[in-house]
Amino acid sequence: MSSSRASRRARLTSAAVVVTGALLLSGCGDDNDGAGSTKEASASSSALGTRQITDAQGRKVKVPAAPEKVVALSEPTLDAALALGVEPVGATAGRGQSGVSTYLADRAKSAKVVATVAEADLEKLAALRPDLILLDETTGAKSEIAKLQAIAPTVVTAKLNEDWKKAFTETADALNKKAAADRVLGDFDAEVAATKKELGDNAGAVVSVVRWQDGAPSVVGKGVGHVGSTLSALGLDRPADQQGASAGHSEPVSLEKLSTIDGDWLFFGTLGDKADGEKAYAEAEKAANFGKLKAEKEGHVVVVQGSAWNSAGGPLAARIVLDDVKKALTG
C-alpha cells in the first residue's frame with residue numbers, strides 16, 4: 001500500500017471515530033427534535049421534564065427544563081450563562097486567547113475549553129456528556145449544527161450582529177431563566193440611567209474605542225453591540241469614522257490616519273487584560289502623531305480590560321464597559 005493511501009485511510013478512520021463516538025454518547029439524536037442528549041443527561045431530563053423552543057435559525061429544539069451540563073460555544077452565550085448563575089462545563093476560548101476571555105476567567109474556573117471562535121473540538125465536547133449546547137452566529141461552530149445536535153440538544157441563540165440584549169434574553173430562554181434575565185437587564189438599564197445623569201460636563205462627549213494590536217489601532221464597539229449600545233444609551237457621541245454598523249468585529253486604522261480615532265475620550269485596550277493594555281499603551285505613545293491626539297494631550301486615554309470591551313458581548317461585558325465609562329467620566 002502506498003504511503004499516501006495509508007495516510008488517507010488513517011485520516012478517514014480518525015474522523016469516523018470522532019463522529020461515531022459522538023453518536024454513541026448522544027444516543028443518535030434527531031436534528032429537529034433535540035433528543036440527542038447522552039443517556040446520563042436524558043435520564044436527568046426525563047425526571048425534570050423538557051421544553052420545546054424555537055431558536056434563532058427557526059429550528060424547534062427540545063431542551064432540558066433544568067439543564068445541568070451546559071456547553072457554551074461562543075463568548076456571548078458563555079457570558080450570558082455566567083451572568084445567570086450557570087457555570088458551563090465546556091466553553092470557548094476568548095478571541096486571541098488560549099483560555100476563556102480573561103474578564104470571565106474567575107467565574108468559569110471549572111469550564112473546559114472545547115472551542116475557539118473558529119471551530120469546536122467535537123471529540124473534547126462529546127467527552128463532557130453535555131445535556132445542552134449553546135452558541136450563536138459569532139462562532140464558526142454554527143456550520144456544524146447537525147454534528148453538535150448529535151451530541152446534545154443544540155440551540156443557536158442569536159444571528160450575527162444581533163442586539164446584545166435580545167441575544168441575552170434568548171440564551172436565558174434556552175436555560176429557562178428569562179425572569180432572571182429580566183432582572184439583570186432591569187438593573188443594568190437603571191444603572192445606565194443613573195450614570196447618564198452624573199456625566200456633567202461630559203454629557204454628549206465624543207468617545208472613541210480602539211484595540212491596539214500589531215503596532216496599530218483598530219476601531220471596535222460600533223453598532224448595537226454591548227459597547228456601542230451602552231455608549232449610545234448614555235447619550236455619548238462617537239467620532240465620524242465610528243458611526244453606524246461595523247463591517248466586521250474590528251476595523252483597522254493606519255498610523256497615517258490616527259486623527260480619525262481622536263475624541264474627547266479614548267478607551268484603549270487589547271484582546272487581553274488591563275496589564276496587557278498598559279503595555280500596548282506604552283507602545284502607542286511612541287507612535288508618530290499619537291501624542292497629537294486631543295485625548296492624549298488632555299490625559300483622557302483610558303486603558304481598559306480589553307477582553308471585555310473587545311468580546312462579542314453579553315451582560316457581564318456590558319457591565320464592565322458601563323463601570324469603566326462611569327469611573328472615567330463621572331469620577
Side-chain angles (χ1 to χ4, degrees), residues 70-84 86-122 124-125 128 130 133-144 148 156-158 160-162 164 167-168 171 209-214 217-223 225-228 230 246 248-252 267-281 303-324:
V70 178
V71 169
L73 295 180
S74 67
E75 289 177 315
T77 54
L78 176 59
D79 183 306
L82 293 170
L84 294 167
V86 176
E87 185 173 355
V89 295
T92 182
R95 293 173 183 274
Q97 300 169 69
S98 58
V100 300
S101 292
T102 55
Y103 81 97
L104 298 174
D106 287 344
R107 293 174 181 257
K109 291 180 179 179
S110 63
K112 302 294 184 183
V113 173
V114 295
T116 65
V117 174
E119 61 183 352
D121 186 322
L122 298 180
K124 287 183 178 179
L125 196 164
L128 295 177
I133 299 172
L134 302 173
L135 71 155
D136 52 44
E137 293 189 352
T138 66
T139 174
K142 65 186 177 184
S143 65
E144 298 185 298
L148 294 171
V156 180
T157 62
L160 190 64
N161 297 323
E162 184 67 85
W164 77 266
F168 172 51
T171 301
V209 184
V210 302
R211 180 181 75 228
W212 196 269
Q213 186 174 351
D214 298 327
S218 290
V219 169
V220 294
K222 294 172 64 175
H226 68 295
V227 174
T230 299
S246 179
H249 185 71
S250 62
E251 298 177 8
F267 288 85
F268 181 107
T270 64
L271 288 173
D273 58 16
K274 189 172 181 178
D276 193 45
E278 294 286 2
K279 293 179 182 177
Y281 179 43
V303 178
V304 297
Q305 164 70 290
S307 69
W309 283 70
N310 288 281
S311 77
L316 297 178
R319 172 61 70 169
I320 290 174
V321 170
L322 177 59
D323 289 347
D324 285 345

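Partners of Thr157 by side-chain hydrogen bond (donor to acceptor under 3.5 Å, both in side chains), not counting sequence neighbours, listed by chain and number: Thr171. When the side chain to side chain contact (heavy atoms under 4.5 Å, CB included) test is applied to Glu87, the partners found at least two apart in sequence or on another chain are Leu82, Ser110. By the side-chain hydrogen bond (donor to acceptor under 3.5 Å, both in side chains) test, Gln213 is found to be paired with Arg211, residues two or more places apart in sequence or in another chain being considered. With sequence neighbours excluded, no residue forms a side chain to side chain contact (heavy atoms under 4.5 Å, CB included) with Lys279. The side chain to side chain contact (heavy atoms under 4.5 Å, CB included) search around Val113 returns Ala93, Val100, not counting sequence neighbours. Residues forming a side-chain hydrogen bond (donor to acceptor under 3.5 Å, both in side chains) with Asn310 (at least two apart in sequence, or on another chain): none. Every residue two or more places apart in sequence or in another chain was checked for a salt bridge (charged side-chain N to carboxylate O under 4.0 Å, His left out) with Arg107, and none qualifies. Partners of Phe267 under the ring-ring contact (aromatic ring centres under 6.0 Å, His included) rule, at least two apart in sequence or in another chain, are Trp309. With sequence neighbours left out, the side chain to side chain contact (heavy atoms under 4.5 Å, CB included) criterion links Thr102 to Gln97, Asp273, Gln305, Ser307. For Ser74, the side-chain hydrogen bond (donor to acceptor under 3.5 Å, both in side chains) partners at least two apart in sequence or on another chain are Thr77, Asp136.
Inter-residue side-chain proximity for Ile133 and Leu125 is flagged as met; some heavy-atom pair is nearer than 4.5 Å. For the pair Leu104 and Asp79, the minimum side-chain heavy-atom distance is below 4.5 Å.
Taking every heavy atom of both residues into account, Lys274 and Val303 meet most closely at CE-O, 3.3 Å. The two residues Tyr103 and Ser311 make their nearest non-hydrogen contact at OH-OG, 3.6 Å. Here the closest non-hydrogen pair linking Pro217 and Trp212 is CD-CZ3, 3.5 Å. Between Ala80 and Phe168, the shortest heavy-atom distance links the atoms CB-CD1, 3.5 Å. Between Leu78 and Pro88, the closest heavy-atom pair is CD1-CG, 3.8 Å. Listed here is the closest heavy atom pair of Ala141 and Ala120: CB-CB, 4.2 Å.
The backbone N or O of Ala312 lies less than 3.5 Å from a partner atom in the side chain of Glu75, making a donor-acceptor pair. Listed for the His226 side chain is no donor-acceptor partner under 3.5 Å among the backbone atoms of Ile320.
Between Glu162 atom CD and Glu137 atom CD the span is 9.5 Å, to the nearest 0.5 Å. Note that CG of Asp121 is 9.5 Å distant from OG1 of Thr116, once rounded to the nearest 0.5 Å. Going from atom CG of Leu73 over to atom CG of Leu134 covers 8.0 Å, rounded to the nearest 0.5 Å. Residue Thr230 holds its OG1 atom at 11.0 Å from CG of Asp324, rounded to the nearest 0.5 Å. A distance of 8.5 Å separates CZ in Arg95 from OG in Ser101, rounded to the nearest 0.5 Å.
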Could you please spell out the steps behind the side chain to side chain contact (heavy atoms under 4.5 Å, CB included) verdict for Val220 and Val210? CA-CA 6 Å; Val220 294; Val210 302; 5.8 Å; no

Pair Val209-Val219, side chain to side chain contact (heavy atoms under 4.5 Å, CB included): steps then yes or no: CA-CA 6 Å; Val209 184; Val219 169; over 6 Å; no

